[in-house]
Chemist: 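Dumping the structure here so I can ask a few things about it.
The structure presented is a predicted model; accordingly, all values stated were derived computationally and were not measured. Note on naming: letters A, B, ... go to the chains in the order of the sequence lines (proteins, then strands), and numbering restarts at 1 for each one.
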Amino acid sequence: MTEERLLEINGLVLNFYTYEGIVQALDGVNLYIRDGETLGLVGETGCGKSVTSLSTLVLIPSPGKIEGGRILFNVQGKKVDLLKQSDEHLRTIRGKDISMVFQEPRVYLNPVYTVSSQISEVLVKHRKEEFLKKALESLKQERRKKGLKGSTFEMNLYERMLKNPNSLTNKILSKIPGSQRRFKLEVQREVVRILRGMGIPDPERVAKMYPHELSGGMAQRVVIAMALACNPKLLIADEPTTNLDVTVQAQILSLIKRLKSMFKSSVLYITHDLGVISEISDRVAVMYAGNVVELADVYELFKKPLHPYTRGLLESIPRPGKPLKSIPGTVPSLLNPPSGCRFHDRCSYAMEICRKVKPAFTEVEKDHFVACNLYGGSK
Amino acid sequence: MSTLLHIKGLKKYYPIIGGIFKRKMADVKAVDGVNLTIMKGECFGLVGESGCGKTTLGKTIIRLLTPDAGSIYYNIPEDILEEIDKLEKENPRSSKLRRIREEYDLATFKGRKLRQLRRKMQIVYQDPTTSLDPRMLVKDIVAEPLVAQGLARGSEAKKMVVDMLERVGLSEKHLCRYPHEFSGGQRQRIAVSRALIVRPEFVVLDEPTSSVDVSVRAQLLNLFKDLGKDFGLTYMFVSHDLSVVEVISDRVAVMYLGKIVEVATTEELFKEPLHPYAQGLFASIPIPDPTRRRERPPLTGDVPSPVNPPSGCRFHPRCQSVTDVCRKEEPQLVDVGNGHLVACHVISSELGK
Amino acid sequence: MTTSSRWEEFKASMQPRIKEWKFMFKRVQESPLSLVGIAIILGFVILSALSPVLAPPPYADPFIIPRDEEIAKLSPLPTPPTIEHPFGTTDQHYDIYYACIWGTITAFRIGITTVMVALMIGIIIGVAAAYYGGLADEALMRFTDIIIAFPGLILAMALVIAIPTVFTLNVSFILVVIFGLTTFFAFITRARMKIKVILLIIFIAVLASVLLYPLNLRFSLNNLDKVLITLWLIGWPSYARVIRGEVLRVKNEDYIEAAKAAGTSDLGIVIKHILPNAIYPIIIMASLDIGSIVLTAAALSFLGLGAPPNYADWGQIIQRSRNWIGRELIRYMHVFLIPGIFIFVFVLGWNLLGDALRDVLDPTLRRR
Amino acid sequence: MVRKLGLLTYVARRLILLIPVVLGVSMLIFAITMCFPPTIRALLYIRNPQALTPENIEGVIKKYHLNDPFYIQYFTWLAQVLQGNLGWSQTASAPVFSAILVRFPATFEIIVFAAPVIIILGLYLGIQSAVYKDKILDHITRSAAIIGWSLPSFWFGFILMAVFYGYLGWLPPGRLTREVQHFVDSSQLFTKYTGLYILDGILNGQLAVSWDAFKHVILPATVITVIDIALIIRVARSSMLEALSKGYIITAKAKGLTQKEVINKHARRNALIPVTTISGLLVASLMTGVVITETVFGFGGLGSWAAQSAQQLDVPSVLGFAMFTAIVFVIANLIVDVLYAFIDPRIRLA
């Protein structure tokens with residue numbers, strides 16, 4: 001079973017050291033994503049969804065510190081713990097194997113660069129060789145057509161760069177203006193191609209725009225284009241439609257679905273909206289106060305939720321004709337989280353043991369994991 | 001049920017300042033000719049995408065914004081309303097009409113009259129982190145309308161504040177705290193008690209649940225329902241979250257680019273939306289049930305800019321069943337039966353046949 | 001209500017504020033540099049309080065530096081530090097120790113009064129510009145632009161020589177204008193009738209009395225007074241600008257509209273909501289400004305435009321070193337070195353405090 | 001196309017906004033002149049001292065309407081100013097306008113040495129300090145900036161002079177050594193092409209002059225640099241910190257860029273925006289600094305002339321200088337505004 005898991009997070013613990021004390025943001029997060037599936041991660045504000053996603057890229061926001069756990073990722077058939085990789089190795093994974101789409105696309109685009117320059121950056125970073133070859137090929141072809149022989153400076157440069165990408169002389173030579181014209185053209189062409197694939201009308205024009213000139217939906221498409229530019233194995237989407245209109249949200253959701261099946265990527269989709277979750281995901285992980293409390297197939301979860309929090313969450317969806325239910329109390333502060341099970345003080349099934357013992361994450365049924373003492377998790 | 005508000009041809013434009021001399025370049029037509037009636041004691045839902053002018057409409061009705069045209073008749077007897085219609089047709093400049101409007105039309109209110117209106121009409125904002133002054137204590141925040149209106153002060157005001165706080169589920173111990181010490185749901189409760197402490201008749205709820213967590217949202221919705229019943233309130237519930245509107249509203253209006261495109265009772269509208277935009281909007285809502293995934297393709301394109309809205313029917317560039325007349329003529333709201341109003345050429349022509 | 005319960009209530013309402021202060025204090029404690037700044041300023045406060053003890057004034061006006069005229073006649077050159085003159089003397093035998101001690105009070109007076117006046121003018125103009133907007137805003141902001149266009153010291157130089165030594169202030173005219181404007185504004189706003197009538201009566205009374213007995217005040221100004229007035233006149237524009245920006249920012253917040261919806265009057269909104277939320281950047285600016293104001297005043301003194309030659313002022317003493325620009329400078333180093341240390345440390349203290357305040361009061365760092 | 005139009009509109013608006021400010025500057029200067037009696041004001045109109053003697057002073061007053069209402073006086077005065085007549089400088093024994101022109105190169109020499117160091121080094125230190133926040137480098141840079149900002153420039157200048165001239169005898173005060181000055185002023189071999197002695201020395205092939213002039217510029221330039229660099233460091237640091245906290249930095253990291261690429265490409269360009277706007281203030285600060293340091297070092301430029309004029313109550317010179325600095329400031333700000341629009345694409349649409 002485990003061999004098909006693309007990403008596996010085991011017991012991830014992360015604390016923030018702030019002025020007011022230690023915020024225990026992640027308290028042993030467990031989840032896994034299989035090849036080619038969409039995992040929906042659902043939870044309320046401040047439950048640690050975004051922190052989990054950033055940790056997957058090993059980009060921990062500043063006062064935070066990972067204090068335990070493993071993040072196993074399948075790189076070329078080999079499982080590696082991302083937390084133990086060198087920064088250099090991580091950089092070859094970021095943007096190439098794992099990429100990310102954020103909420104508020106315009107905040108996550110650099111306001112002073114055009115769309116095309118921001119997308120080509122990631123292309124040049126990870127797919128440079130491909131474009132060098134393409135450029136070289138087209139240059140050779142053109143010269144053959146014209147019946148010219150020998151080589152030009154540009155050609156030489158490409159060949160040298162292909163042979164020895166990290167040499168200093170090549171880097172300096174490539175700084176000469178105009179020396180990489182064809183290479184840049186190839187990259188540009190790819191940018192436009194990717195943008196068109198995102199269903200953006202008039203991609204040539206959009207490529208030349210600055211982020212502030214784009215509408216929210218358009219900007220989110222650009223961010224998705226940037227994330228999918230290198231055909232990643234895992235796409236992390238952190239509430240990508242939260243601030244968009246419902247009609248635009250529907251467009252983006254169907255775009256992600258389409259691209260996912262096209263690229264055969266896995267998706268980690270983070271949201272607080274249960275509607276979106278049921279729409280897009282194959283399996284769902286429910287988070288509460290720094291823990292994944294339930295992980296199951298989406299049909300199973302909606303039909304037969306096991307954890308009291310999941311139940312409460314599903315019941316608080318407004319449905320006409322039914323009385324509105326809600327979970328009493330409020331989300332606890334992670335500065336001083338409740339002992340034992342962090343949900344115990346809002347839970348109507350709470351037992352004595354819940355106050356003391358933190359329930360383990362157990363497979364109750366096949367592929368259905370719960371962290372709750374009701375299901376013998378405390379064993 | 002009698003009507004509480006009659007809104008006629010209401011317009012609110014925001015000027016765009018620019019150019020070399022910082023002159024007015026154009027207008028954002030946020031609300032562009034809205035006709036509505038709101039019944040006493042109902043919860044009137046207003047849905048639409050962001051930027052369609054629904055918040056502006058709400059704020060203009062309670063006169064936090066000054067409308068550029070149109071009238072808002074509040075608590076007006078039927079016979080006088082008929083008289084106004086007659087007068088408007090005969091002689092729109094008659095002094096009698098002016099006198100009536102000065103008495104009933106909120107759009108003409110100024111100064112003291114406007115401030116007294118604040119006792120009758122209140123608002124709850126979308127985000128309580130920004131609508132509560134971060135440097136004021138809860139007791140001062142909630143008491144502010146009382147003090148400003150000169151209704152109560154000192155210990156009397158304090159007693160009213162405590163009563164109100166207890167009514168929304170907070171208590172006396174919360175009096176001397178700053179807003180940032182509360183959770184989102186509690187903050188919204190504070191905002192609600194500030195709005196209701198002057199015992200208004202009409203309350204605009206401007207996306208009051210969009211910034212709180214799912215598990216708390218239901219608590220707030222229940223609170224609104226209870227308070228509405230107990231205080232005999234009329235609500236205008238502005239939201240883009242259709243599932244919330246569905247459970248709380250009695251009637252719903254759908255707004256697109258500054259215009260109302262459809263009005264109906266909640267059951268009718270959610271069962272069968274008629275306007276193509278309403279249909280697209282309803283199809284776009286993700287349903288929290290994996291067995292009922294969407295089949296219909298979503299609406300294409302973005303919402304056009306409200307500065308230069310499309311000619312004719314504003315929805316025509318995105319509409320599937322667009323006809324020639326849609327590009328030229330603006331459709332009017334037409335009753336298709338049972339008080340179900342739709343502004344669509346295609347539907348009204350079908351009806352005509 | 002009994003007094004004790006009222007006290008309880010007061011205590012309860014003060015508690016969250018005290019909590020805020022404690023939090024801020026904790027933050028201050030975490031940056032040792034700010035503690036140094038506070039210590040320096042406290043040190044100077046103590047120094048100025050103790051100055052009559054540390055350097056007993058021989059004349060009625062304590063700011064006149066004592067000098068031994070007999071010795072000055074014999075040798076006009078500065079003398080290095082001795083037991084009698086711990087910091088040495090300047091040329092003409094003025095005591096540097098005395099000047100340094102009493103110069104502290106001069107520095108405080110210049111810095112604090114200027115910042116106060118600048119704050120007052122800046123707040124009034126900035127709030128008025130932001131709140132009324134339109135033409136008033138444009139006019140007021142262009143006016144501040146004009147003053148900001150001049151480098152502070154250079155405009156101060158021009159103003160100091162322009163202010164006449166004998167200054168006649170037409171008090172009657174000012175009174176009539178002030179009360180006239182107040183009454184006018186009371187009548188165009190929605191003030192209570194009682195207030196309007198009282199204001200009108202006062203205005204008529206003032207007008208009548210001023211017509212009967214015109215009041216003119218004659219001031220004779222020394223150079224230091226001119227420096228003060230100059231600094232008051234040119235200090236406010238940056239405050240006005242910042243305040244205006246802050247008010248414009250705050251004005252668009254939801255809670256301002258909420259206050260409007262509550263029926264609070266315009267003035268009430270400004271006082272209760274806008275000012276408390278807009279004031280913090282100005283406080284930081286003010287504390288950073290005290291340092292630069294003292295520097296500007298000292299620079300004016302250094303250029304010979306400030307305090308008169310026998311006046312206890314740090315810059316004025318340093319100015320005396322200008323006589324030996326060149327090789328001899330090192331021989332009479334004490335003349336500029338010691339007062340310079342006073343200026344430097346004083347300014348450093350305020351700058352450190354301002355820097356710390358910026359960190360503590362920075363709204364982006366506040367907990368939510 | 002739209003973008004270009006936006007930029008043009010923006011520049012046009014800036015240019016038009018200049019007019020009221022420049023007019024206002026002239027009015028303020030005029031208002032200051034009105035504090036003086038007509039006999040002193042007369043100096044503002046004459047082009048040589050012979051034009052103003054006790055006998056003909058009444059004639060001058062009459063000719064320039066000095067007893068007329070202020071608005072008439074303003075226009076006669078403005079007409080003179082627009083003709084380049086700023087009055088007679090007693091301190092320089094020359095018309096104010098030509099006195100400014102003659103002295104400007106000396107001041108410019110100091111600024112040419114100080115300003116690039118202030119901007120480039122200040123930016124570098126500020127950015128490094130932000131990148132290595134709360135590390136040793138940051139603490140040192142911040143402390144140095146605060147100390148520099150708190151230093152009284154004249155005091156610091158005196159200390160430097162006492163050390164480098166009084167004690168070490170290396171860097172003398174003044175603009176040139178006396179013999180060199182004599183050579184420069186009277187020799188046939190030396191032509192003052194630009195008035196910048198370092199440049200003129202090279203142009204004349206007299207490198208000794210250049211060297212001598214350079215030695216005299218070092219200390220004043222150092223004083224100005226040390227004091228004004230704090231401004232740039234502070235702004236560069238805080239804007240860099242802000243830029244580093246933005247979402248697009250996370251995006252850049254998530255793309256797999258190196259720390260260096262993230263900082264140099266994504267953060268720095270955004271951090272430059274506030275630094276550009278503050279550079280206008282730097283101009284004002286430099287002008288103030290020049291007045292003090294030139295006086296300290298007896299450096300014969302604009303600043304020391306202005307200081308001397310103020311001390312001798314030479315009204316036309318002081319006001320002429322004040323007007324000059326204000327105009328320089330306004331023009332510098334115009335340039336800054338245009339630069340700003342180039343760096344930040346968002347501003348062009350505003």
Chemist: Would you please test Leu272(D) and Val112(A) for side-chain contact (heavy atoms from CB on, under 4.5 Å) and show each step?
Modeler: CA-CA 11 Å; Leu272(D) 270 179; Val112(A) 298; over 6 Å; no
Chemist: Between Arg106(A), Glu121(A), Glu88(A), which residue shows the highest count of heavy-atom pairs closer than 4.5 Å to chain D?
Modeler: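 Counting heavy-atom pairs under 4.5 Å, the top option is Glu121(A).
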Chemist: Kindly check if the number of other-residue, nucleotide or ligand heavy atoms within 6.0 Å of CD (Glu129(A)) is above 12?
Modeler: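 Counting neighbours around CD of Glu129(A), 12 or fewer heavy atoms of other residues, nucleotides or ligands fall under 6.0 Å, so no.
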Chemist: Short question: side chain of Asn110(A), backbone of Tyr248(D) - any donor-acceptor pair under 3.5 Å?
Modeler: no
Chemist: Given heavy-atom pairs under 4.5 angstrom as the criterion, report whether the side chain, backbone, both or neither of Thr258(D) touches chain A.
Modeler: both
Chemist: Considering only heavy atoms and a distance below 4.5 Å, find which of Lys253(D), Lys265(D), Gln259(D) pairs most often with chain A.
Modeler: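 The answer is Lys265(D).
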Chemist: Could you look at Ile93(A) and say if it's the side chain, the backbone, both or neither that has a heavy atom under 4.5 Å from chain D?
Modeler: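 Neither the backbone nor the side chain of Ile93(A) comes within 4.5 Å of chain D.
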Chemist: Counting only heavy atoms closer than 4.5 Å, note whether Gln118(A) contacts chain D via side chain, backbone, both or neither.
Modeler: both
Chemist: Give a yes or no on this: more than 12 heavy atoms of other residues, nucleotides or ligands lie within 6.0 Å of atom NZ of Lys233(A).
Modeler: yes
Chemist: Counting only heavy atoms from other residues, nucleotides and ligands, does the tally under 6.0 Å from OH of Tyr193(D) exceed 12?
Modeler: yes
Chemist: Between atom CG of Asp344(D) and atom OH of Tyr210(A), what is the distance when rounded to the nearest 0.5 Å?
Modeler: 9.5 Å
Chemist: With rounding to the nearest 0.5 Å, note down the distance linking CG in Leu109(A) to NZ in Lys246(D).
Modeler: 13.5 Å
Chemist: Which one of Ala254(D), Gly256(D), Ser245(D) has the most heavy-atom pairs closer than 4.5 Å to chain A?
Modeler: Gly256(D)
Chemist: With a 4.5 angstrom heavy-atom cut-off, is it the side chain or the backbone of Leu257(D) that approaches chain A, or both, or neither?
Modeler: both
Chemist: By a 4.5 Å heavy-atom criterion (distance strictly below it), what part of Leu57(A) contacts chain D: side chain, backbone, both, or neither?
Modeler: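 Only the side chain of Leu57(A) comes within 4.5 Å of chain D.
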Chemist: Are there more than 12 heavy atoms of other residues, nucleotides or ligands under 6.0 Å from atom OH of Tyr17(A)?
Modeler: yes
Chemist: With a 4.5 Å cut-off on heavy-atom pairs, point out which of Lys125(A), Met226(A), His126(A) contacts chain D the most.
Modeler: Lys125(A)
Chemist: Are there more than 12 heavy atoms of other residues, nucleotides or ligands under 6.0 Å from atom CZ of Phe214(D)?
Modeler: no
